[in-house]
Amino acid sequence: MSTPEAKSTTKIFVAGHRGMVGSAIVRHLLSKGYTNIITRTRAELDLTDQRAVQTFFESEKPQQVYLAAAKVGGIHANNVYRAEFLYENLMMEANIIHAAWAHGVNKLLFLGSSCIYPKLAPQPLAEDALLTGPLEPTNEPYAIAKIAGIKLCEAYRHQYGANFISAMPTNLYGPGDNYDLETSHVLPALLRKIHTAKVHGHPSVPIWGTGAPKREFLHVDDLAEACVHLMVTYNGGEWVNVGTGEDLSIKSLAELICDIVGYTGELNWDTSKPDGTPRKLMNVDRINALGWKARIALREGIERVYSEIKETFA
Ligand code: GFB
């Protein structure tokens, strides 16, 4: 465990600190007494620019890196902006991982995604399911970029002995989420749509797909705690799933949100929209054995988020 002295002296770079994940990691680090955290906005440092990233690492010399910078989005954004999802994610992770090695970073945590696993992999998804079958087509470019990030960490560890580790979170939600209905993930989209329908007295809410796919949702504050736990205690070469180990159908999620919001209208399924992967429940045995478990129950987490955003959307 880190000593109080190490917490104030260890220089930590959180890449992507304005995103939902990066901002949660910064909050958690601060709450645990880490004070030497460095961040850069996109305007200050373009992480897709190799030279700029090299110069930043050369001058700042961080000792630890949380690689939470990524271009992310829901099923529609992944499917439409395929080139951006592949190119930007590959560039950011390659630049950061290489510069971290070249400038002597002691430890780096790379964040991937549950969509790295094959579309029809056995459930729950164990870490060794990687690269055993074809990916879900709607998010193949993003998944390929994230698999490349895992493999970069693995290769830099293997060839150079770099202590670079990887965590694979399940679907996330929490403060700072994206509520744009075109590009967001399902949970914030449903929260916004159902809240708006209630406020305006709409008789029904349009929801994409059939409602049959199952998803697992982790509050980002739980993820942040898991990331810091892994950074402090884990030095293994195997990537580690981070989830709750429980999932529910999109239909059940919609019904739960209706209940939280107090909406009693109809759910109107738009089956012209894709369902995506039928199920992606994480096997969380490895991270549980490493001494971490999710704490925030789904209903409680959604209630928290809803209380934070309900004044924003009408
Ligand atoms: O969160 P989401 O967009 O992405 O969830 P994935 C998609 C599921 O929710 C599909 C249904 O079954 C959709 O049909 N859905 C219902 C909706 N209504 C809506 C809605 O209004 N908006 C959205 N977005 N979905 C993403 C991947 O997959 O998950 C990424 O594309 C990444 O690569 C991320 O891994 C965590 O869970 O399908």
Side-chain angles (χ1 to χ4, degrees), residues 19-21 68 70-82 84-86 88-90 111-121 123 125 130 135-150 167-174 177-197 202 204-220 223 239 241-244 247-258 261 266-282 298 302 305 313:
M20 179 171 74
V21 172
K71 182 170 185 70
V72 299
I75 191 167
H76 178 74
N78 267 265
N79 200 19
V80 172
Y81 306 109
R82 300 177 75 88
E84 288 173 44
F85 273 74
L86 184 53
E88 290 183 27
N89 285 307
L90 281 174
L111 279 146
S113 164
S114 59
C115 69
I116 58 160
Y117 295 114
K119 173 174 180 143
L120 300 177
Q123 305 283 326
L125 298 159
L130 187 70
L135 297 162
E136 154 62 28
T138 55
N139 60 34
E140 189 186 88
Y142 180 72
I144 294 274
K146 289 296 182 183
I147 293 169
I150 297 172
M168 297 304 119
T170 190
N171 288 31
L172 302 168
Y173 69 100
D177 212 339
N178 169 19
Y179 286 86
D180 178 296
L181 294 179
E182 282 289 299
T183 59
S184 69
H185 288 100
V186 60
L187 194 153
L190 295 192
L191 204 48
R192 180 174 180 178
K193 285 187 201 176
I194 292 169
H195 172 69
T196 306
H202 295 152
S204 67
V205 186
I207 307 199
W208 299 355
T210 62
K214 296 183 90 176
R215 294 289 183 272
E216 176 185 4
F217 297 95
L218 179 71
H219 193 285
V220 74
L223 173 70
W239 52 98
N241 290 345
V242 187
T244 63
D247 64 356
L248 78 173
S249 69
I250 298 296
K251 181 168 183 284
S252 300
L253 174 73
E255 288 167 353
L256 175 62
I257 294 177
C258 285
V261 170
E266 296 288 311
L267 303 177
N268 195 356
W269 300 97
D270 177 359
T271 52
S272 70
K273 295 285 200 303
D275 266 347
T277 307
R279 193 177 185 198
K280 43 179 177 175
L281 175 64
M282 289 292 213
L298 184 58
I302 298 176
V305 170
F313 301 109

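Just so you know, residue 1 is the first one in the sequence shown, and it goes up from there. Every number for a ligand or one of its atoms is a count from 1 in the order of the listing.
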* To do: Under the salt bridge (Lys or Arg N to Asp or Glu O under 4.0 Å) rule, collect the residues that match up with E182, sequence neighbours excluded.
  => none

* **Close-range residues for ligand 1, whose non-hydrogen atoms fall below the 4.0 Å threshold** => G73, G74, I75, N78, S113, C115, N139, Y142, N171, S184, H185, V186, A189, L190, K193, I207, W208, G209, P213, R215, I250, P274, D275, K280

* Would a distance-only check, ignoring hydrogens and angles, find a side-chain to backbone donor-acceptor pair under 3.5 Å from T170 to M282? -> no

* Name all pairs fulfilling the salt bridge (Lys or Arg N to Asp or Glu O under 4.0 Å) condition that reach into residues 71-80, sequence neighbours left out, sorted by first residue then second. => K71-E84

* Asked: When the ring planes of H219 and Y173 are compared, do they come out parallel, tilted or perpendicular, using 30° and 60° as the limits?
  -> perpendicular

* To do: Applying salt bridge (Lys or Arg N to Asp or Glu O under 4.0 Å), name anything that partners E266, two or more places apart in sequence or on another chain.
  => none

* Is there side-chain contact between V21 and V72, with at least one heavy-atom pair below 4.5 Å? -> no

